[in-house]
Amino acid sequence: MSVAPGLQPESWHLLSLLEQAPGLQALGDTLADLADEGHPVVVGTADLKYSNGLVRFQERHPDKYLQFGISEQHMVSTAAGLATTGLRPYVATFASFMALLACEQIRTDVAYTRQPVRLIGHHAGITLGFYGTSHHATEDLAITRSIAGLTVVAPADTAALAAALRASVDLPGPVYFRIGRGRDPDVYPAGTTLEIGKAVEHGTGSDLTLIATGSMVHPALQAAAALTADGYDVGVLDMHTVKPLDEAAVLAAARGSRLLMTVEEHNVLGGLGGAVAELISEHGVPVRLHRHGIRDQYSLIGPPTHLYRHYRLDAPGVETEAREALLA
């Protein structure tokens with residue numbers, strides 16, 4: 001096994017990294033398990049195997065692992081070529097580089113040709129804090145959901161990520177996975193399953209339904225609990241699949257609640273909020289919608305915890321935003 005000097009599998013640095021970010025383990029380990037089970041999985045990354053945990057796949061399947069260096073566009077195009085041979089390529093890099101930098105390759109080489117490439121954009125949203133605007137990904141949902149034939153999935157936690165990866169193996173066409181930095185609190189137990197395209201309902205609410213995706217599911221659930229304790233009737237939808245949207249779940253919530261509020265670590269334009277707005281307006285459902293996220297601006301630079309608090313994307317912030325929307 002070949003591992004970079006100074007970062008051996010048993011080193012405190014790598015063990016500490018994986019302990020702090022269990023989602024990184026889920027990515028590498030789940031893909032390695034799928035390869036063990038005989039699925040035609042190949043994995044590639046753009047010089048980020050430690051940042052995304054794919055070193056764990058490399059350790060178990062070095063013959064199915066590709067290191068592309070800092071060449072994200074070539075990685076996506078190569079994955080499209082590999083897919084034509086019957087393989088299932090899973091390629092990963094920072095979400096900002098995957099969805100923005102390699103957008104043309106995703107559209108033309110992968111989606112236009114309908115190749116079953118799995119594009120993993122990790123450290124999405126504002127999780128890269130100090131790295132700044134070039135590394136923040138607050139436009140990727142809008143970009144990817146606008147590409148024809150591309151499925152867009154944003155799991156809420158480690159267990160949901162593992163379940164989504166498994167659910168994608170035999171899914172036709174390409175998939176974009178939007179994940180954080182592997183530090184999301186647990187929402188689901190290990191071994192959970194999910195169906196791509198079908199939301200997970202955490203109760204219904206006549207006053208409010210929070211429709212959250214990815215990293216925002218946990219704070220939405222916490223906010224719902226606080227609001228419920230104050231007498232509001234609140235439900236939560238985990239909209240892990242942003243495209244295709246679970247239309248039945250959204251329309252049921254729209255008809256049963258006096259307020260919908262989407263919650264996403266993303267610009268409010270073009271992402272989950274946009275998808276929900278399009279759906280309810282097309283169906284003429286008379287419900288008020290409040291879109292919560294980053295409001296058409298480039299996100300600030302700072303520690304992720306501070307940024308979540310600033311943009312009201314932590315549990316207290318989501319709760320405050322919901323209270324104000326309910327009283328508006």
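Formation of a donor-acceptor pair under 3.5 Å by the D246 side chain with backbone atoms of A199 is found in this model. Although no hydrogens or angles enter the test, the distance criterion places a donor-acceptor pair under 3.5 Å between the side chain of E264 and the main chain of L272. The backbone N or O of S206 sits less than 3.5 Å from a side-chain atom of D233, completing a donor-acceptor pair. In this structure a side-chain-to-backbone donor-acceptor pair under 3.5 Å is missing from E59 to F57. Using a distance-only test at 3.5 Å, with no hydrogens or angles considered, a donor-acceptor pair links the side chain of T241 to the main chain of G197. Judged by distance alone, with hydrogens and angles left aside, the side-chain atoms of T113 form a donor-acceptor pair with the main-chain N or O of V110 at under 3.5 Å. No donor-acceptor pair under 3.5 Å is formed between the side chain of R60 and the backbone N or O of V55. A donor-acceptor pair is defined here as one N or O able to donate and one able to accept, closer than 3.5 Å; no such pair exists between the side chain of T192 and the backbone of P189. Remark: the backbone N or O of L165 is paired with a side-chain donor or acceptor of S168 at under 3.5 angstrom. Listed for the S146 side chain is a donor-acceptor partner under 3.5 Å among the backbone atoms of I143.
Here the straight-line distance linking atom CD of E201 with atom CE of M239 works out to 10.0 Å at 0.5 Å rounding. We find the OG1-NE2 distance between T127 and H136 to be 7.5 Å, quoted to the nearest 0.5 Å. Interatomic distance, NE2 of H218 versus OH of Y188, reported as 11.0 Å (0.5 Å rounding). Distance CG/D47 to CD/E72: 9.0 Å, rounded to 0.5 Å. Put simply, NE2 on H240 and CG on D238 are 5.5 Å apart, with the number rounded to the nearest 0.5 Å. Of the inter-residue distances, the one linking T93 atom OG1 with Q73 atom CD reads 11.0 Å to the nearest 0.5 angstrom.
Nearest heavy-atom pair across G129 and I301 is O-CG2, 3.6 Å. Nearest approach of N267 to D296, heavy atoms of both residues: OD1-N, 3.3 Å. Taking every heavy atom of both residues into account, L260 and L208 meet most closely at C-CD1, 4.4 Å. When every heavy atom of A224 is checked against every heavy atom of V234, the shortest pair comes out as CB-CG1, 3.7 Å. Residues A315 and Q222 approach most closely at CB-OE1, 3.1 Å, considering heavy atoms. Looking at every heavy atom in both residues, V268 comes nearest to G293 through CG1-N, 3.4 Å.
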Go through the steps for D29 and R56 under the test salt bridge (charged side-chain N to carboxylate O under 4.0 Å, His left out), then give the verdict.
CA-CA 6 Å; D29 287 346; R56 297 172 72 86; 2.9 Å; yes
Apply side-chain contact (heavy atoms from CB on, under 4.5 Å) to T151 and Y176, showing your working.
CA-CA 6 Å; T151 296; Y176 174 67; over 6 Å; no
Could you check N52 against H123 for side-chain hydrogen bond (donor to acceptor under 3.5 Å, both in side chains), going step by step and ending with a plain yes or no?
CA-CA 9 Å; N52 55 34; H123 289 76; over 6 Å; no
Determine, step by step, whether L221 and V187 satisfy the side-chain contact (heavy atoms from CB on, under 4.5 Å) criterion, reporting the C-alpha distance in whole Å, the side-chain angles of both residues, the deciding distance to 0.1 Å, and the verdict.
CA-CA 9 Å; L221 289 168; V187 174; 3.8 Å; yes
For salt bridge (charged side-chain N to carboxylate O under 4.0 Å, His left out), just list the numbers for R88 and D170, CA-CA rounded to whole Å, side-chain angles, deciding distance to a tenth of an Å, and then say yes or no.
CA-CA 9 Å; R88 287 290 183 273; D170 296 320; 5.2 Å; no
Please walk me through it: do L237 and H202 pass side-chain contact (heavy atoms from CB on, under 4.5 Å)?
CA-CA 6 Å; L237 285 178; H202 295 271; over 6 Å; no
The test is side-chain contact (heavy atoms from CB on, under 4.5 Å); show your working for L269 and R291 and say whether it passes.
CA-CA 9 Å; L269 301 177; R291 296 171 300 156; 3.8 Å; yes
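Proximity of V91 to V43: side-chain heavy atoms (C-beta onward) are nowhere separated by under 4.5 Å. With contacts defined as side-chain heavy-atom distances shorter than 4.5 Å, the pair V236/T209 does not qualify. Using a 4.5 Å heavy-atom cutoff, the side chains of Y298 and T138 are not in contact. The closest side-chain heavy-atom distance from D140 to H266 is below 4.5 Å. The side-chain heavy atoms of L119 and V117, taken from C-beta on, include a pair separated by under 4.5 Å. R181 is listed as a side-chain neighbour of P304, based on a closest heavy-atom distance under 4.5 Å. Contact check for V175 versus V153: side-chain heavy atoms found under the 4.5 Å cut-off. Annotation: side chain of V41 is in contact with side chain of Y90 (closest heavy-atom distance under 4.5 Å).
A donor atom on one side chain and an acceptor atom on the other are found under 3.5 Å apart for Y308 and E265. No donor-acceptor contact under 3.5 angstrom links the side chains of H290 and E324, judged on distance only. When only modelled atom types and interatomic distance are considered, K49 and Q58 share a side-chain donor-acceptor pair under 3.5 Å. One side chain, D109 or S77, offers a donor N or O that lies under 3.5 Å from an acceptor on the other. Side-chain atoms of T158 and D186 form no donor-acceptor pair, as typed in the model, at a separation below 3.5 Å.
Shown here is H283, whose NE2 atom has more than 12 heavy atoms of other residues, nucleotides or ligands within 6.0 Å. More than 12 heavy atoms of other shown residues, nucleotides or ligands fall within 6.0 angstrom of atom NE2 in H135. R114 CZ: 12 or fewer foreign heavy atoms inside a 6.0 Å radius.
M75 and L48 are not part of a single hydrophobic cluster, where members link through side-chain heavy atoms under 4.5 Å apart. Taking hydrophobic clusters as Ile, Leu, Val, Met, Phe, Trp and Tyr residues chained together by side-chain heavy-atom distances below 4.5 Å, Y65 shares a cluster with L27. At a threshold of 4.5 Å between side-chain heavy atoms, the hydrophobic network of Ile, Leu, Val, Met, Phe, Trp and Tyr places F177 and V242 in two separate groups. The hydrophobic cluster containing V200 also contains M261, counting ILVMFWY residues as joined when their side-chain heavy atoms lie under 4.5 angstrom apart, directly or transitively. Hydrophobic clustering of Ile, Leu, Val, Met, Phe, Trp and Tyr side chains at less than 4.5 Å, counting indirect connections, unites I294 with V263.
The pair R166-E37 meets the salt-bridge criterion, since a charged nitrogen lies less than 4.0 angstrom from a carboxylate oxygen.
Checked against the 6.0 Å centroid threshold, H122 and F94 count as a close aromatic pair.
The salt bridge (charged side-chain N to carboxylate O under 4.0 Å, His left out) check on D230 picks up R323, with sequence neighbours excluded. Applying the side chain to side chain donor-acceptor pair (under 3.5 Å) criterion to E278, with sequence neighbours excluded, gives R145.
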